*Asks:* 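Structure provided below as structure tokens; questions to follow.
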Amino acid sequence: MRILLIHADRFSFRVTGETSVAMPSELQKASPEGEVAECLVVFMAAEKGDEADIDSVVSQVTGEILSLAGQVGTDHLVIYPYAHLSSTLSPPRVAVRLLDEICRHLQGRDHLKILRAPFGYYKAFEIACKGHPLSELAKTIIPVRQTEGSAKAEESEALKAEKTLKSEWMIITPDGEQVSAEDFSFSTRPNLERLFRYEKSGTRISDQAPPHIELMRRMELVDYEPGADQGNFRWYPKGQLMKRLAETYVSRLVVGHGGMQVETPIMYDYQHPKLSLYLQRFPARQYVLLSDQKEYFLRFAACFGQYLIQHDMQISHHHLPCKLYELTHYSFRREQSGELAGLKRLRTFTMPDLHTLARDMEQAKEEFIRQTNLAIQCMEGFGLDFEVAIRFVRDFADQNRPFVEELAACCSRPTLIELWDERFFYFVAKLEFNFIDALDKAACLSTVQIDVENTERFDITYVDQNGEKQHPLLLHASISGSIDRVLYAILETQAMRMKKGQKASFPFWLAPIQLRLIPVSEKFNDACRQVLEKVPYRIDYDDRDISMGRKIRDAEREWIPYILVLGAKEVEEHCLNVRTRDGAQRKMTVPELLSEIESQMNEKPFLELPLPKRLSRRPIFVG
RNA sequence: GCCGGCGUAGCUCAGGGGUAGAGCAACUGAUUCGUAAUCAGUAGGUCGCGGGUUCAAAUCCCAUCGCCGGCUCCA
């Protein structure tokens, strides 16, 4: 940071216009004009690199100012952002933060009178420099990298709070019985015990890579992309198909539940007064994008976009509960590099995000239960097993016993409860469905939360029976959790089955290839083509010039649910020889086969195969 | 982000200061096949990228990127 200090007999300024980095919030913190008699004027410009250690820059700058003010004997200070002091300016966000901090520190000295000029505006000024030896001083302040102990000083309030946060762990059974988690007999719920130990101590033991990583590549679903930032994957046709199917399924569930689907921007103004307040609770966890001079952050969920819509909506009590839904394609979280893990944790991911405005706590609880049931239905559709954890602020749980018991009952399994003495976050209740993977590690999928803070912060209101504006309660829900993570859970589930010696398989509606025709020899290619036309599912045929045994093997390794072998016998008898994942072979007609499949689709979405139907025409994406 | 391990052909991996290796896949040919791998041949590599040491580096050293694990973290 560069500073220029001038001891003056007189100083005045006034704002004349906005620059490209103007932000309205500055005008609330600083005056648009001002005039002082005898004073010390501090011109300053934040430079690139200052963000490496804000605290050190602030303490050095305030040190310089206080020392000079003492020497020249003045109590009047003018803090004046002046970009022209440097040719390597910091981002505006950093500059404003430095200004704020410096002013805050100086204001701590009661005797000082401080006048602050706004950042980001053109200003006219007049100055009368005293001209004595100490009256002019220019300095360059360089951040001192702090030692490791204090490097975490930037830690946000919320994170600090979480560290000191004490919690109690309970288990509640579906019939409402509650015991301390330490005393609960986990013998029938080994995964619940794993979740509890994992949540309580946070340590894990593993020396292997999660098995879904090999599977996602071998099955040609998803892969790393070395040309992108870490945690940004490439999706091959089969993976992209499964992803779209999963997305379609979840979106249909939510819209069926009353969610009004919207789409909101993926990037937001870093200086937006309301958003930046929210962001400060969780610093340095998002991608920042520089466009022209302005900075934007990439959303980490649909919250912002939906808050901003809800703020502008006209909502009466007749409209509640009011639900906005978005499939956030994409959400971005700049996780630490060491935290990334295959499809389990990405930096760019897709997540369904539902926000429900509720009139009062009764309505919020009602919706909470409905959305929990929807999440259960969703997990069943994906064929996923899960363990339930619910976190409450203790007072809320005490005052809402019947609700807690009803929740436990509708989860119909023993549920882990965490009780917090105080509320440090925006929610009073948070339900999670946790998946336990092949390495006994937990990952959160579905979640439902009651938010008691953000409708006020973002000024979201509805008009009640008396015509008065009220802040509603807000429910956050992700019915499936991240779609990428759903795929991780499906693959891990299959890896666990294989470990037990069982055959892996996808739910029929999600299988990229649902049926494969295998001609006994080239002579039957035509017959295959005829069957192909009669089957309205994702069906292909293996016309490669290789042995039949080999074709069977390849189809089995792709986990294809139905393998149809076609030779002289079948053509003659007008039937199909159907091989299924259980190894059985059955003779069936096409209509018989179709009616069996119909029930397996179970009213789930269907999408066409985005690949050539002839295997001989299909390129190879991975080894 | 920190600590540790790894990076050689499209894939899985061997080699370890002096001519770059295998299996599978690909390609060509033979084969026309009855329920988890038909046979033969051909082609394929700046040994992650960048520096350094050396007569000589895939090999040793430094730096960097990526992957995996642990810590931390997951609004």
Side-chain angles (χ1 to χ4, degrees), chain A residues 148 151-152 155-159 161-163 199 202-210 213-214 217-218 220 223-231 278-286 299-301 303-304 331 333-342 344-347 349 351 353 424-427 430 432 434 439 441-444 447 449 451 453-454 476 478 481-482 485 503 516 518-525 542-560 563-570 577-581 583-586 619-623:
Chain A
E148 207 178 309
K152 290 184 178 170
E155 220 169 51
S156 70
E157 292 302 310
L159 295 182
E162 193 179 10
K163 296 229 163 95
E199 290 292 326
T203 49
R204 15 189 158 181
I205 5 115
S206 176
D207 52 353
Q208 328 159 38
I213 293 180
E214 194 207 319
R217 303 189 66 236
R218 208 201 80 203
E220 295 193 306
D223 211 340
Y224 298 106
E225 176 48 75
D229 185 36
Q230 294 180 283
Y278 191 68
L279 275 180
Q280 275 164 26
R281 295 186 59 166
F282 306 95
R285 296 302 245 158
Q286 50 273 321
R299 67 174 176 197
F300 47 79
C303 299
F304 306 119
S331 289
R333 295 184 191 180
R334 238 203 69 96
E335 310 289 9
Q336 294 181 59
S337 56
E339 294 163 355
L340 300 169
K344 184 183 179 189
R345 204 138 165 227
L346 299 172
R347 281 186 173 167
F349 57 96
M351 178 180 73
D353 205 359
F424 285 110
F425 303 103
Y426 57 81
F427 53 82
K430 179 186 187 196
E432 294 172 1
N434 286 278
L439 270 25
K441 295 184 186 175
C444 178
T447 180
Q449 308 162 12
D451 177 340
E453 211 174 274
N454 281 307
H476 299 249
S478 186
S482 132
R485 195 174 274 187
K503 276 194 185 175
R516 171 162 297 164
I518 296 184
V520 167
S521 81
E522 260 170 40
K523 293 177 214 149
F524 304 102
N525 278 354
D542 195 341
D543 61 337
R544 295 174 299 171
D545 180 15
I546 50 176
S547 73
M548 209 192 88
R550 180 57 197 285
K551 293 179 185 178
I552 300 278
R553 177 181 152 85
D554 285 354
E556 291 283 358
R557 280 173 53 84
E558 269 190 76
W559 308 350
I560 295 173
I563 299 171
L564 316 175
V565 175
L566 217 80
K569 257 188 284 176
E570 289 72 24
N577 186 306
V578 180
R579 172 177 165 134
T580 38
R581 294 292 289 152
Q585 283 180 47
R586 288 175 291 161
I620 294 155
F621 288 93
V622 183

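Please read all numbers here as calculations on a predicted model, not as lab measurements. Naming: A, B, ... by sequence-line order, numbering from 1 per chain.
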*Asks:* Give me the distance, rounded to whole Å, that separates B:rA9 from B:rC24 when you measure between the C1' atoms they each carry.
*Replies:*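 Looking at atom C1' only, B:rA9 and B:rC24 are 12 Å apart.
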*Asks:* Over how many whole Å does the gap from A:Asn434 atom CG to B:rC74 atom P extend?
*Replies:* 14 Å
*Asks:* It should be established whether A:Lys441 places a side-chain nitrogen or oxygen under 4.0 Å from OP1 or OP2 of nucleotide B:rC74.
*Replies:* no
*Asks:* Could you tell me how far apart A:Asp353 (CG) and B:rA75 (P) are, to the nearest whole angstrom?
*Replies:* 13 Å
*Asks:* Which value, in whole Å, describes the distance between the P atoms of nucleotides B:rC39 and B:rG44?
*Replies:*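 About 24 Å, rounded to a whole number of Å.
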*Asks:* Take the protein atom NZ of A:Lys551 and the nucleotide atom P of B:rU38, then report the distance between them rounded to whole Å.
*Replies:* 11 Å
*Asks:* Separation of A:Arg334 atom CZ from B:rA75 atom P, in whole Å?
*Replies:* 17 Å
*Asks:* Pairing check on B:rC47: which nucleotide meets the Watson-Crick or G-U wobble criteria with it, both distances under 3.5 Å?
*Replies:*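 With both distances under 3.5 Å required, B:rC47 matches none.
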*Asks:* Just the rounded figure in Å: distance from P of B:rC73 to CZ of A:Phe425.
*Replies:* 11 Å
*Asks:* Just jot down the salt bridge (charged side-chain N to carboxylate O under 4.0 Å, His left out) partners of A:Glu339, sequence neighbours excluded, or say none.
*Replies:* A:Arg285, A:Arg345
*Asks:* So, for A:Gly567 and A:Phe524, which heavy atoms are closest and what is the spacing to 0.1 Å?
*Replies:* C-CE2, 3.5 Å
*Asks:* If the P atom of B:rC11 is compared with that of B:rC49, how far apart are they to the nearest Å?
*Replies:* 14 Å
*Asks:* Are A:Asn577 and A:Ile563 close enough that some pair of their side-chain heavy atoms sits under 4.5 Å apart?
*Replies:*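 No, every pair of side-chain atoms sits at 4.5 Å or beyond.
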*Asks:* A side-chain contact here means heavy atoms from C-beta on lying under 4.5 Å apart; do A:Asp543 and A:Glu522 qualify?
*Replies:*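 Answer no - side chains too far apart.
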*Asks:* Can you tell me the Watson-Crick or wobble partner of B:rU42, both distances under 3.5 angstrom?
*Replies:* B:rA26
*Asks:* Any strand is fair game: report the nucleotide pairing with B:rA9 by Watson-Crick or G-U wobble, both distances under 3.5 Å, or none.
*Replies:*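 Paired with B:rA9, as far as the under-3.5 Å criterion goes, is no nucleotide at all.
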*Asks:* For B:rA30 versus B:rC67, give the span between their C1' atoms, rounded off to a whole number of Å.
*Replies:* 42 Å
*Asks:* So which nucleotide does B:rG16 pair with, by the Watson-Crick or G-U wobble rule with both distances under 3.5 Å?
*Replies:* none
*Asks:* Salt bridge check, A:Lys430 against A:Glu432: does any charged N sit closer than 4.0 Å to a carboxylate O?
*Replies:*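 Salt bridge present between A:Glu432 and A:Lys430.
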*Asks:* Whole-Å distance between B:rC74 P and A:Lys344 NZ?
*Replies:*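 To the nearest whole Å, that distance equals 14 Å.
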*Asks:* Assign a letter to each nucleotide of nucleotides 27-37 of chain B from its 5' end: B, base within under 4.0 Å of a protein heavy atom; S, sugar-phosphate only; -, no contact.
*Replies:* ----BBBBBBB
*Asks:* Should the pair A:Arg544-A:Asp554 be classified as a salt bridge under the 4.0 Å nitrogen-to-oxygen rule?
*Replies:*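 Salt bridge: yes.
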*Asks:* For the residue pair A:Phe427 and A:Phe425, does the interplanar ring angle fall in the parallel (under 30°), tilted (30 to 60°) or perpendicular (over 60°) class?
*Replies:* parallel
*Asks:* Side chains of A:Gln230 and A:Tyr224: donor-acceptor distance under 3.5 Å anywhere?
*Replies:*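 There is no such pair between these side chains.
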*Asks:* Using a heavy-atom cut-off of 4.0 Å across all strands, would you classify A:Arg218 as base, sugar-phosphate, or nothing?
*Replies:* nothing
*Asks:* Hey, are the side chains of A:Arg485 and A:Ser478 touching, using non-hydrogen atoms and a 4.5 Å cut-off?
*Replies:* no
*Asks:* Write down the protein N/O and nucleotide N/O pairs, taken from nucleotides 40-51 of chain B, whose separation is under 3.5 Å; answer none if there are no such pairs.
*Replies:*
none

*Asks:* Identify the residue among A:Arg550, A:Lys551, A:Met548 that makes a side chain to side chain contact (heavy atoms under 4.5 Å, CB included) with A:Asp542.
*Replies:*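 The single option meeting the side chain to side chain contact (heavy atoms under 4.5 Å, CB included) with A:Asp542 is A:Lys551.
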*Asks:* Grab the two heavy atoms, one from A:Gly227 and one from A:Glu225, that are nearest each other, plus how far apart they are.
*Replies:*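 Of all heavy-atom pairs spanning A:Gly227 and A:Glu225, the closest is N-OE2, 2.9 Å.
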*Asks:* Who are the salt bridge (charged side-chain N to carboxylate O under 4.0 Å, His left out) partners of A:Arg299, not counting sequence neighbours?
*Replies:* A:Glu326
*Asks:* Look through every strand shown and name the nucleotide pairing with B:rC71 as Watson-Crick or G-U wobble, where both distances are under 3.5 Å.
*Replies:* B:rG1
*Asks:* Within the pair A:Arg217 and B:rU12, is there a side-chain N or O less than 4.0 Å away from OP1 or OP2?
*Replies:*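 Answer is yes, contact under 4.0 Å.
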*Asks:* Could you state the CZ-P distance from A:Arg285 to B:rC73, rounded to the nearest angstrom?
*Replies:*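 Rounded to whole Å, this separation is 9 Å.
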*Asks:* Using purine N1 to pyrimidine N3 plus N6-O4 or O6-N4 for Watson-Crick, or N1-O2 and O6-N3 for G-U wobble, both under 3.5 Å, which nucleotide pairs with B:rC33?
*Replies:*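 No nucleotide pairs with B:rC33.
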*Asks:* Kindly give the atom pairs (protein nitrogen or oxygen, nucleotide nitrogen or oxygen) under 3.5 Å for nucleotides 64-68 of chain B.
*Replies:*
{"unit_1": "B:rC67", "atom_1": "OP2", "unit_2": "A:Gln230", "atom_2": "NE2", "d": "2.5"}
{"unit_1": "B:rC67", "atom_1": "O3'", "unit_2": "A:Tyr224", "atom_2": "OH", "d": "3.0"}
{"unit_1": "B:rC68", "atom_1": "OP1", "unit_2": "A:Tyr224", "atom_2": "OH", "d": "2.3"}

*Asks:* Taking only residues two or more places apart in sequence or in another chain, which ones pass salt bridge (charged side-chain N to carboxylate O under 4.0 Å, His left out) with A:Glu556?
*Replies:* A:Lys503, A:Arg579, A:Arg581
*Asks:* Could you tell me the separation between the CZ atom of A:Arg299 and the C1' atom of B:rC74, rounded to a whole number of Å?
*Replies:*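 Distance, rounded to whole Å: 18 Å.
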